[in-house]
Amino acid sequence: MNAVLTDDEIGILLTAAVHAPSIHNTQPWRFEVHGPVIDVLLDEERMLSVEDPSGRAAHIGVGAAALNVRVAAAMLGHESRLAVHPDPARQEVTARIFLANRNTPICGLSSLYGEVTRRHTYRGPLLDHPIPPQVRRQLDDAASAEGARLQWLDAGARNSLRTVLRQTDDLELHDEDRLHERHSWVGGDRSRDGVPQNALGPSPVRPALVRDLDAGFDETHRSQAVFETDPAIVVLTTRAEDATAWVQAGAALQRALLVATSYDLAASFLDQLLEHPGPRYQVRDLIGGRPWPQLVIRIGYPAQSNSHPGRRDWRDSFDQWF
Ligand SMILES: Cc1cc2nc3c(=O)[nH]c(=O)nc-3n(C[C@H](O)[C@H](O)[C@H](O)COP(=O)(O)O)c2cc1C
């Protein structure tokens with residue numbers, strides 16, 4: 001039976017959606033509700049033309065938002081199904097979630113609802129505690145359930161990644177266009193979108209496997225910290241490399257991050273490695289040369305707390321109600 005959504009339910013579903021991660025907190029999504037169907041559209045005005053010209057990162061954000069809608073729907077008792085690029089006549093509809101009525105909350109996804117607002121990107125130092133193998137397996141299962149894969153790097157691959165990261169960060173520092181674009185979303189005081197200064201975390205005293213989003217800007221006001229020497233690094237991969245795979249990667253990312261949050265794990269990302277073609281191929285080699293890397297994730301138990309970026313109200317990205 002088709003679900004009839006009340007105004008309150010739409011508010012709950014879309015509030016969950018906008019809590020999804022997105023590159024530089026650009027929130028590159030718009031929503032439409034058509035009866036029991038929720039469409040997530042890519043908002044081209046909120047995409048990064050220099051750092052993300054293909055739209056890979058933006059599509060990942062849309063996939064993550066779609067997964068959050070499904071989690072909230074499950075909590076409300078709606079069964080749901082995700083279709084990616086469902087309408088050839090409307091290419092801008094990137095993800096479509098079909099809802100159906102059900103009387104009891106759906107096990108599995110609904111148990112993740114409490115993590116939607118707890119999950120945040122954490123850019124500070126990690127504790128030196130290993131992630132138990134059974135927790136890793138649950139993260140792997142979460143990503144697989146959405147059609148992507150997590151590949152954990154061993155010590156040798158992490159070492160190689162360090163070298164690629166150093167070279168990439170050097171490229172970044174000398175790329176005026178990238179610095180300029182990043183500066184329009186990162187740093188300073190921001191409450192509704194972008195990444196404010198207070199969410200950047202401390203700057204590492206020594207080179208660390210973390211992305212310093214402030215690199216190349218004025219660092220005088222940042223606190224410093226000693227970071228862990230060898231964090232767990234996992235690469236989110238897909239078999240295909242197209243817009244559909246990117247949306248699936250986003251749903252897989254978010255499902256794995258919500259499971260991680262339920263174990264008090266926190267993650268940050270090294271997306272610069274995948275934004276430059278050369279380093280991306282080097283990362284691809286590190287994971288066997290066949291799958292496509294869609295996000296490089298640093299994950300562990302946070303040693304500190306950190307502030308989080310805000311969001312626009314869901315009504316600001318809500319287009320129509322039929
Ligand atoms: C595809 C993608 C790439 C991202 N890349 C980075 C990155 O390279 N470095 C980083 O610190 N955060 C990165 N982020 C995290 C965003 O900055 C973060 O999700 C956003 O600021 C919202 O904050 P929150 O995750 O704390 O809610 C990325 C997020 C996504 C979805």
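All ligand and atom numbering here is 1-based and tracks the order in the structure.
Among the atoms of R123, some N or O lies under 3.5 angstrom from an N or O of ligand 1. Between H120 and ligand 1, an N or O atom pair is found at a separation short of 3.5 Å. At under 3.5 Å, a nitrogen or oxygen of F269, whether backbone or side chain, sits near a nitrogen or oxygen of ligand 1.
In terms of protein heavy atoms, atom 16 (C) of ligand 1 is closest to S22 O, 3.1 Å. At the shortest separation from atom 5 (N) of ligand 1 among protein heavy atoms lies D271 CB, 3.3 Å. Here the heavy atom of the protein found nearest to atom 30 (C) of ligand 1 is I23 N, 3.6 Å. Nearest protein heavy-atom contact of atom 25 (O) of ligand 1 is T121 OG1, 2.5 Å. Considering only non-hydrogen protein atoms, atom 27 (O) of ligand 1 sits nearest to R311 NH2, 2.7 Å. Ranking the protein heavy atoms by distance from atom 23 (O) of ligand 1 puts P309 CG, 3.3 Å first.
Those atoms of ligand 1 with a heavy atom of A57 less than 4.0 angstrom away are 1 (C). Numbered from 1 in the order shown, with element, the atoms of ligand 1 that lie under 4.0 Å from a heavy atom of R211 read 7 (C), 8 (O), 9 (N). Listed by atom number, the atoms of ligand 1 under 4.0 Å from N25 heavy atoms are 20 (C), 21 (O), 22 (C). Below 4.0 Å from some heavy atom of P21 lie the following atoms of ligand 1, by number and element: 19 (O), 25 (O), 31 (C).
Contacts of E51 with ligand 1, taken as heavy-atom pairs under 4.0 Å, are absent altogether. The proximity of V195 to ligand 1, defined as any non-hydrogen pair under 4.0 Å, is limited to the side chain. Residue contacts with ligand 1 for H308 are absent, since no atom lies close enough (heavy atoms, distance under 4.0 Å).
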Residue pair Q138, Y263: steps toward the side chain to side chain donor-acceptor pair (under 3.5 Å) verdict
CA-CA 10 Å; Q138 291 202 38; Y263 287 98; 2.6 Å; yes

Could you please spell out the steps behind the side-chain contact (heavy atoms from CB on, under 4.5 Å) verdict for L257 and Q254? CA-CA 5 Å; L257 289 177; Q254 184 62 1; 4.0 Å; yes

Between T26 and W185, is the side-chain contact (heavy atoms from CB on, under 4.5 Å) condition met? List the steps.
CA-CA 7 Å; T26 45; W185 288 99; 3.6 Å; yes

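T94 places a side-chain N or O within donor-acceptor distance of the main-chain N or O of E92, the cut-off being under 3.5 Å. Between the side chain of R158 and the main chain of I233, no donor-acceptor pair closer than 3.5 Å is present. S111 places a side-chain N or O within donor-acceptor distance of the main-chain N or O of G108, the cut-off being under 3.5 Å.
Defined by atom type and a distance below 3.5 Å, a donor-acceptor pair is missing between the side-chain atoms of R222 and S203. When only modelled atom types and interatomic distance are considered, Q294 and R280 share a side-chain donor-acceptor pair under 3.5 Å. Side chains of Q197 and D189: a donor-acceptor N/O pair is absent below 3.5 angstrom, by distance only.
Under a 4.0 Å heavy-atom criterion, R56 is not in contact with ligand 1. Not a single heavy atom of G61 sits less than 4.0 Å from an atom of ligand 1. Ligand 1 is approached by R119 to a heavy-atom distance shorter than 4.0 Å.
A tilted orientation is assigned to the rings of H129 and Y301, their planes being inclined by 30° to 60°.
In this structure, I297 and A267 approach most closely via the heavy-atom pair CG2-CB, 3.7 Å.
Aromatic ring centres of H59 and W246 lie closer together than 6.0 Å.
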